[in-house]
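We name chains A, B, ... by the order of the sequence lines, and we start the count at 1 in each one.
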There are 2 protein chains.
Amino acid sequence: MSIAKLGALNPLETLSMTDRVENSLRVYFTENGFKPGDALPNEVEIAQKLNVSRNVVREALSRLRMLGMVEARPRRGMIMAQPDLLGGIEKVLNPALLSQDNLKDIFEMRLILEMGIPEFLFARKTEQDLNELDEILSQQKDVTTVSKDEEIAFHGKLYEMTGNDMFKRFQTLLMPTFDHVFTGYYDNDKKIEIANPITHHDLVAILKTGTPDEFRKAMYTHLAVYFASIL
Amino acid sequence: MSIAKLGALNPLETLSMTDRVENSLRVYFTENGFKPGDALPNEVEIAQKLNVSRNVVREALSRLRMLGMVEARPRRGMIMAQPDLLGGIEKVLNPALLSQDNLKDIFEMRLILEMGIPEFLFARKTEQDLNELDEILSQQKDVTTVSKDEEIAFHGKLYEMTGNDMFKRFQTLLMPTFDHVFTGYYDNDKKIEIANPITHHDLVAILKTGTPDEFRKAMYTHLAVYFASIL
DNA sequence: TTATTATATTTGTCCTACAAATGAAATTAA
DNA sequence: TTAATTTCATTTGTAGGACAAATATAATAA
């Protein structure tokens, strides 16, 4: 049999002991239905059961601790905890490390999200929210051009208005896409800087008296430059 | 001054050495503009600079390695790598550990996402995609009721059709919401099991010959039960 | 110049040790 | 017996030493 015939001849997975212990622990927790608050075996016991050094166990536990999956109470043992779903993403969000593929995906994700939120915005908007939006608009220097910070403030407020905490925190994830847009990955002419047929003011007006469908249509136009470069 | 006057008297942040080294490293990478492929100082050097034991450094590095942020090449040193954005979330996705708050947020996120994808679906759909959707529908046992697996297969295919890899992988994150729905968190009467005014068949029909707006309207009706319990 | 050998480097893994605080057990006092 | 005090075992956090294995580099030999 020739090499070619072997097809996908991938390098054998060369997992370190730490990797394998991490996996073992996760499987162990899942299969035994561990729930937040449940006590974990201590480090030495785990090390002995898995036949590895305590060092390796601690390196694996260190990972789970970072994710918030387990909590170590010094001198009292470890317990299961409630992991922070977005913690892992936020830790990794170093713009200098993001690949172009990631940037593209995030950028598209943002378009999807902004087209998806109108129902939530109209259902959960409050007078307070609308006032804050007005405040944000009033602080915009120029009516025709919008700076990066102003973009973030406005759209960020929209995310916040969804009333969904996870979504709100997503702004951190979406942030690089504003850079992305401003550095003109999709559009070298920086059209974002020119007049937009639908301004933030228009969007707020619709949010006050319009309907979700109207808002979405306006948002689509507002983002039309980016949609055009993708679709 | 009374205790009450002190206001938010939070517990002093009691970070472990490992936590602090982890943070220091992240800041160090960011401030020095480390990019994928760049060589890192070796473990001993880091330990000496930070004045901690090599153990602590390794526990911190173990975390960054898990996130894909750094890569260790045995006996050749470490280099910066491109972290996997969703890796952190996926590792943490143990349904038994998710809080009700998280479940609610994820559930709402799913509604937002499905309302946001029509433009992408219509822009990127292929004959192949539509055929696969037909195939999925043909395997549905009953026309009026839909099982959890069938739900996942259908909606998962939609995510895939967006052509966005990150979005596609999001299905893993959204998965628990199907359980969520089926266990009736929002709706104890399990209305999901009764006839839906808009079926998967209807959605596919629109996807073939309709418009994004029509599709979205239909999707809203398809998901109306859940929207009703939220909005 | 080329080929071979020796050396230094660096991560992965294991081991030992100990401080510190907690909770439980044992002891003493009432 | 009950209450208060002391002792003790437990367990994580941190430090430091040791060595294998393989790589890259330097040194040596052909």
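Put simply, CD on B:E45 is 12 Å from P on C:dT9, counting in whole angstrom units. One atom, CG of B:N42, and another, C1' of D:dT23, lie 14 Å apart when rounded to the nearest Å.
Within residues 19-29 of chain B, no residue has a heavy atom under 4.0 Å from DNA chain D.
Taking 4.0 Å as the cut-off between side-chain N and carboxylate O, A:R169 and A:D84 count as a salt-bridged pair.
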If the sugar-phosphate is the primed atoms plus P, OP1 and OP2 and the base is the rest, what is the B/S/- string for nucleotides 17-23 of chain C, using protein heavy atoms under 4.0 Å?
B--BBSS

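Among the heavy atoms of the strands lying under 4.0 Å from B:V52 are primed sugar atoms or P, OP1, OP2 only; no base atom is included.
The side chain of A:R65 has D:dG13 as its nearest neighbour among C:dT13, C:dG12, D:dG13. Distance from the side chain of B:A72 is smallest for C:dT11 among the nucleotides C:dT13, C:dT11, D:dG13.
Considering only side-chain N and O atoms, B:S53 lies nowhere under 4.0 angstrom from the phosphate OP1 or OP2 of D:dT14.
Mapping B:M78 and B:N55 onto DNA chain C via the closest heavy atom, the residue that lands nearer the 5' end is B:M78.
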Apply the test salt bridge (charged side-chain N to carboxylate O under 4.0 Å, His left out) to residues B:E151 and B:K148: give CA-CA distance (whole Å), side-chain angles for both, the deciding distance (0.1 Å), then the verdict.
CA-CA 5 Å; B:E151 275 284 321; B:K148 177 186 155 195; over 6 Å; no

I'd like a table of atom pairs between the protein and nucleotides 4-8 of chain C - only N or O on both sides, under 3.5 Å - with the distance next to each one.
none

